[in-house]
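When a ligand or atom number is given, it counts from 1 through the structure's own listing order. Being a predicted model, the structure only gives us computed values, none of them experimental.
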Amino acid sequence: MDRELVVIGGGPAGITLAKRLGRRMDMAVVRPEPHSMIYCAMPYAIEGLLPIEKTFKKDELVTGSGAALVRDRAVRLDLEHRRVYLAGGPELGFRHLVLATGARPFIPPIPGADLPGVMGFKTQEDMERIMAACAAGLRRAVVVGAGSIGVELAQALAARGVRVSLVDQKPSILPNLVDPDMVRDAEAALDAHGVELVLGASVTALEGKRQVQRVVLEDGRRLELAENDGPSPLVVFAVGVVPEVSLVEGTEVEIGRTGIRVDDRMRTSVPGVYACGDCAEFVSGITGKVVPGKLATNAVPMAKVLADNLLGRERRYPGFYNGAATKVYGFFIGGTGLTSAVAEREGMGVVTGEAELTTRFPIMPDARPVRVRLLFSADSGRLIGGQVISGEPVTAQVDLLTWMIQQGNTVDEVVDLSYSAQPYQSFFPAANAVVAAAEKAREKLSPLPASEGLMSARR
Ligand SMILES: Cc1cc2nc3c(=O)[nH]c(=O)nc-3n(C[C@H](O)[C@H](O)[C@H](O)COP(=O)(O)OP(=O)(O)OC[C@H]3O[C@@H](n4cnc5c(N)ncnc54)[C@H](O)[C@@H]3O)c2cc1C
């Protein structure tokens, strides 16, 4: 059957396209899995906070928008004759084709990586496998990768009574989100809840006979997994993802290091063929260089930009800023833009400003600390990164900081932020954590004259 538009992939990018275009174009979304997943919620289903069904997205998100849903896997493309071949059904013809095939977990090709018990964490099957193991009395697991997914999974497993080690080659948790010293309390909380942190350690091999029994680290240490009873231990890799680009390998569609190359309207190198979401490669909105950005909060806006362009409304995607957040026990942690380590790697001089206030007036019940760190370019004075750790949700602050970065705000402009205050919802009107952090940075960038100098100037 021929369609005006075929979208391969039913994740956030594919669903967004269906919602935007389903009533305006004759379109089909191809997706093999029984349910699209709310991936972000999977750790919380494992923890037992929600039933597994709550992590399934409804097919009506696609079908209710007027798009056809084809439950199948695309196995081959013929871009010249504009056809998609499916594993189970008849081929689909298209005028426009969107690759929204996402990404799969990266499992490093180290010895033992193929042992039973070694897995990634992305699909419904992955979640069900971990849940089944927990239900059967899983006692031991190692999570490799202390980014948001690894940290959330480790907490979920610990809550299910599993002895968990969380390993990362970097010296701190959440290394791509915030600077190391921002997470010391969160690391202590993981430790206090029985999650063993093994930081600054690369996994070089996995050992075992019929199942994984040992994780070998670069420094020679070994994490033993074998337990006398219960189900086989698990080693779960959450060290990043690989874009799912196999369909276009060997075609005219250009592929970069981190995904399918697209321009700022999501066009690939082949006319009429587009890509968006985790399978696509894009640049940082700050540095203009290719950066990872495998987030649903990047996939959805990319798909919206594409949808608008397909409808004739010209729009350009501004780039990845990678605002993101997670939760480590009582700590809500978020970051956006560049971390200090990335800025250093980019050779950018950075001036930071930091402030710690409270989430409510400090005289109010349940006021909790909130700490904000801002990173400004030493050359331009522009905001290039922001980090927040708080006892209450941080996404609103992270989004505000992302917007300021997007607008190219300088330290003087951030200092000028007009804010609100209320006893249950902020610090006293006298201060705002973002403004206070910017004021600290401004002092470093352009210090006021010393008071003595002022006096002598007045004389
Ligand atoms: C545990 C977990 C927690 C996460 N938490 C967050 C979070 O808190 N915030 C956030 O922003 N992001 C989060 N993410 C990342 C987010 O889920 C992804 O960035 C997002 O799903 C990418 O959307 P996508 O549509 O590009 O790809 P995907 O969601 O990966 O969807 C790809 C789709 O393509 C289909 N497909 C692939 N190949 C074929 C083929 N050959 N034929 C047909 N269909 C195919 C797949 O089956 C799937 O339907 C999390 C991810 C995980 C795993």
Side-chain angles (χ1 to χ4, degrees), residues 6-18 28-47 55 57 59 61-62 69-77 84-89 92 97-106 119-127 130 143 145 147-156 177 236-249 259-260 262 266 275-282 292-303 306 320-327 333-334 336 395 398-399:
V6 171
V7 177
I8 306 181
I15 290 173
T16 302
L17 287 162
V29 173
V30 184
R31 181 201 84 199
E33 64 267 22
H35 307 281
S36 284
M37 301 296 295
I38 305 176
Y39 300 110
C40 321
M42 289 182 358
Y44 304 109
I46 291 172
E47 190 169 336
T55 65
K57 289 183 188 169
D59 284 351
L61 288 170
V62 173
L69 178 62
V70 179
R71 282 280 316 283
D72 210 332
R73 175 173 294 281
V75 287
R76 190 169 69 82
L77 303 179
V84 178
Y85 292 89
L86 304 175
L92 292 170
L97 175 71
V98 181
L99 297 150
T101 45
R104 55 178 191 279
F106 174 65
M119 61 184 293
F121 182 46
K122 168 81 192 253
T123 61
Q124 179 183 344
E125 294 77 51
D126 294 337
M127 174 176 63
I130 296 173
V143 177
S148 299
I149 294 174
V151 159
E152 290 168 13
L153 179 61
Q155 290 173 86
L177 192 66
V236 189
F237 278 89
V239 293
V241 290
V242 191
E244 181 49 72
V245 296
S246 49
L247 276 175
V248 288
E249 273 164 358
I260 298 168
V262 290
M266 305 296 121
C276 58
D278 278 6
C279 68
E281 171 167 284
F282 212 77
K294 310 299 186 197
L295 289 167
T297 47
N298 289 333
V300 169
M302 284 171 118
L306 172 55
F320 294 151
Y321 294 88
N322 290 338
T326 187
K327 180 173 175 289
I333 304 168
T336 182
T395 48
V398 169
D399 294 349

Name each N or O atom in ligand 1 that is under 3.5 Å from a protein N or O, and give the partner atom and the distance.
unit_1	atom_1	unit_2	atom_2	d
ligand 1	11 (O)	Ala296	N	3.0
ligand 1	11 (O)	Thr297	N	3.2
ligand 1	11 (O)	Thr297	OG1	3.4
ligand 1	12 (N)	Ala296	N	3.1
ligand 1	19 (O)	Asp278	OD1	3.0
ligand 1	19 (O)	Asp278	OD2	3.1
ligand 1	19 (O)	Leu295	N	3.3
ligand 1	19 (O)	Ala296	N	3.0
ligand 1	25 (O)	Pro12	N	3.2
ligand 1	25 (O)	Ala13	N	2.9
ligand 1	26 (O)	Asp278	N	2.8
ligand 1	29 (O)	Tyr39	OH	3.4
ligand 1	30 (O)	Lys122	NZ	2.6
ligand 1	34 (O)	Ala100	O	3.3
ligand 1	41 (N)	Ala74	O	2.9
ligand 1	42 (N)	Ala74	N	2.9
ligand 1	47 (O)	Glu33	OE1	2.4
ligand 1	47 (O)	Glu33	OE2	3.3
ligand 1	49 (O)	Gly10	N	3.1
ligand 1	49 (O)	Glu33	OE1	3.4
ligand 1	49 (O)	Glu33	OE2	2.5

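In terms of modelled atom types and a separation under 3.5 Å, the side chain of Asn298 and the main chain of Gly293 share a donor-acceptor contact. Distance alone, capped at 3.5 Å, is enough to place a donor-acceptor pair between the Gln155 side chain and the Val151 backbone. Ser36 contributes no side-chain N or O that, together with a main-chain N or O of Lys57, makes up a donor-acceptor pair within less than 3.5 Å.
With respect to Asp126 and Arg104, no salt bridge is recorded, no charged nitrogen being found less than 4.0 Å from a carboxylate O.
The shortest side-chain heavy-atom distance between Ile15 and Val62 falls under the 4.5 Å cut-off.
Here Arg71 pairs with nothing under the salt bridge (Lys or Arg N to Asp or Glu O under 4.0 Å) rule; sequence neighbours left out.
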